[in-house]
Amino acid sequence: MRSYSLIAPAKINLYLEIIGDRPDGYHELAMILQSIGLADQIDVHSISTDSIRVHCNHPQVPTDKSNLAYRAAELMVRQFPEAFAKYGGVEITVNKQIPVAAGLAGGSTNAAAVLVGIDLLWKLGLTQSELEDLGGTLGSDVPFCVAGGTAIATGRGEQLSPLPSLDNIYIVLAKYRSLEVSTAWAYKTYREQFGHSYIRDSDNLAVRANAVHSGAIVKAVVNKDAGEIAQKLHNDLERVVLPAYPQVLQLREVFANQEGVLGTMMSGSGPTVFALFESQQQAEQIKLQVREAIIDEDLELFVTRIITHGIKVVSSV
């Protein structure tokens, strides 16, 4: 039996703009996505039976067909039945380090790792582009999780344009363990409250989405200017999540009031809030200060950094 161990990094949004509705029911988005060092480990093993098995060390993570990693394996079985018949089933073990339901693409990056792992197990020889296309059928964040690094994402998030890689930016992430924000609720509520401002014409929709390519934050990314990136952080979903979830707003305000924080924002639909720093020492110091400012055992804090890669193979047997 053969197996691969893969690192599946989380992601944050440096920019998230909601432009309008799409014919498929999703929103037209313009985003800048960024891989970070906080990651899960995914082990993918060949097994002699023709089944899919998923195990996870986190009690909140399902191991049935509701798990995106499971669905990624099912997709590969459907797409490559001859390889499935030749090599047999797969056993997937998820070592969860990324918080669950956090707006950090934890489920999506696990699915991306399964696609990459099964491609290797079954010797399919798929290109990164082919893996991204497969990932796009599973979820909007999966293609980016395959690619990683720094990228502009448009459409519903699956159309990627890579940007020059960033480095030497450190991050503190903050999330209440028991707090979840429904992504579907966040987008639905945004539509209800701000849908009147949506662009209706499909041509104008595309023009507006492409405008992010020449936007100020992209220029800051290209220049690797951490301070300017931090000043240009933007997330439309904060307009509905922060008023409805005072704990998320409090985290954002506590970060904003700490000296040495370059910038702070909620990631995706939340509830994770992150802050950017120029050094690990500053990040570690602010982590302690936030812990002192909010004394709550339910609050998780992580120090990590921006990284330049997506799914990465760390070992094979």
Side-chain angles (χ1 to χ4, degrees), residues 10-18 29 31-34 36-38 58 60 96-107 141 169-194 217 226-306:
K11 68 91 184 146
I12 56 172
N13 298 72
L14 299 176
Y15 185 88
L16 191 162
E17 181 183 1
I18 300 171
L29 304 173
M31 301 185 290
I32 297 176
L33 305 178
Q34 176 62 57
I36 60 175
L38 183 64
H58 195 296
Q60 279 179 267
K96 206 87 185 113
Q97 302 298 320
I98 302 169
V100 176
L104 300 173
D141 283 336
I169 300 176
Y170 291 83
I171 302 162
V172 176
L173 300 162
K175 181 196 182 281
Y176 288 95
R177 284 185 188 86
S178 60
L179 185 63
E180 295 184 14
V181 176
S182 161
T183 301
W185 170 87
Y187 279 101
K188 179 173 176 282
T189 306
Y190 190 91
R191 181 185 281 122
E192 289 168 357
Q193 294 185 18
F194 304 105
I217 190 165
E228 189 62 20
I229 291 166
Q231 293 305 307
K232 296 292 187 288
L233 295 172
H234 176 82
N235 183 350
D236 275 342
L237 290 175
E238 286 191 326
R239 296 171 75 182
V240 294
V241 176
L242 297 185
Y245 291 87
Q247 286 173 293
V248 182
L249 177 60
Q250 181 196 23
L251 281 175
R252 206 184 181 297
E253 289 176 340
V254 168
F255 272 128
N257 290 331
Q258 306 300 320
E259 193 174 334
V261 174
L262 296 176
T264 182
M265 192 173 72
M266 181 181 79
S267 183
S269 57
T272 301
V273 174
F274 67 88
L276 302 182
F277 302 87
E278 289 183 320
S279 74
Q280 185 172 355
Q281 185 180 358
Q282 285 176 312
E284 296 284 0
Q285 180 61 39
I286 297 301
K287 176 187 171 184
L288 293 176
Q289 289 172 210
V290 172
R291 178 70 73 201
E292 289 172 6
I294 304 174
I295 300 170
D296 189 333
E297 289 184 1
D298 196 41
L299 179 62
E300 289 184 293
L301 292 161
F302 306 85
V303 172
T304 185
R305 63 181 294 175
I306 277 172

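Residues take their numbers from the sequence shown, with the count starting at 1.
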Surrounding [atom1] of [X] (heavy atoms of other residues, nucleotides or ligands, distance under 6.0 Å), is the total greater than 12?
{"X": "Glu259", "atom1": "CD", "result": "no"}
{"X": "Glu278", "atom1": "CD", "result": "no"}
{"X": "Glu300", "atom1": "CD", "result": "yes"}

- request: Tell me, with the steps shown, if Val290 and Val172 meet side-chain contact (heavy atoms from CB on, under 4.5 Å).
  value: CA-CA 10 Å; Val290 172; Val172 176; 5.9 Å; no
For [X] against [Y], the heavy-atom pair lying closest together:
{"X": "Val261", "Y": "Ala275", "answer": "CG1-CB, 3.8 Å"}
{"X": "Tyr170", "Y": "Arg305", "answer": "OH-NH1, 3.4 Å"}
{"X": "Ala293", "Y": "Val254", "answer": "CB-CG1, 4.0 Å"}
{"X": "Phe302", "Y": "Gln97", "answer": "CE2-O, 4.2 Å"}
{"X": "Ser267", "Y": "Gly103", "answer": "OG-O, 3.2 Å"}
{"X": "Leu299", "Y": "Arg291", "answer": "O-NH1, 2.9 Å"}

Answer yes or no: is there a donor N or O on one side and an acceptor on the other, between the side chain of [X] and the main chain of [Y], under 3.5 Å?
{"X": "Ser269", "Y": "Ala186", "value": "no"}
{"X": "Thr272", "Y": "Ala102", "value": "yes"}
{"X": "Thr264", "Y": "Phe274", "value": "yes"}
{"X": "Arg177", "Y": "Pro99", "value": "no"}

Determine whether [X] and [Y] make a side-chain contact, defined as any pair of heavy atoms from C-beta on separated by less than 4.5 Å.
{"X": "Val303", "Y": "Phe277", "result": "no"}
{"X": "Lys175", "Y": "Pro271", "result": "yes"}
{"X": "Asp236", "Y": "Leu29", "result": "no"}
{"X": "His234", "Y": "Ile217", "result": "no"}
{"X": "Gln60", "Y": "Glu180", "result": "yes"}
{"X": "Leu233", "Y": "Leu14", "result": "yes"}
{"X": "Ile12", "Y": "Leu173", "result": "yes"}
{"X": "Asn13", "Y": "Leu33", "result": "yes"}

message: side-chain contact (heavy atoms from CB on, under 4.5 Å) for Arg252 and Met266? Distances and angles first, verdict last.
response: CA-CA 7 Å; Arg252 206 184 181 297; Met266 181 181 79; 5.6 Å; no
From [X] atom [atom1] to [Y] atom [atom2], the distance as rounded to the nearest 0.5 Å:
{"X": "Ser178", "Y": "Gln247", "atom1": "OG", "atom2": "CD", "value": "6.5 Å"}
{"X": "Leu237", "Y": "Thr183", "atom1": "CG", "atom2": "OG1", "value": "8.5 Å"}
{"X": "Leu288", "Y": "Gln258", "atom1": "CG", "atom2": "CD", "value": "11.0 Å"}
{"X": "Ile294", "Y": "Tyr176", "atom1": "CD1", "atom2": "OH", "value": "4.0 Å"}
{"X": "Ile169", "Y": "Gln280", "atom1": "CD1", "atom2": "CD", "value": "14.5 Å"}
{"X": "Lys287", "Y": "Gln282", "atom1": "NZ", "atom2": "CD", "value": "16.0 Å"}

message: For a side-chain contact (heavy atoms from CB on, under 4.5 Å) check, start with the C-alpha distance between Ile229 and Leu262, then their side-chain angles and the critical distance, and finish with the verdict.
response: CA-CA 9 Å; Ile229 291 166; Leu262 296 176; over 6 Å; no
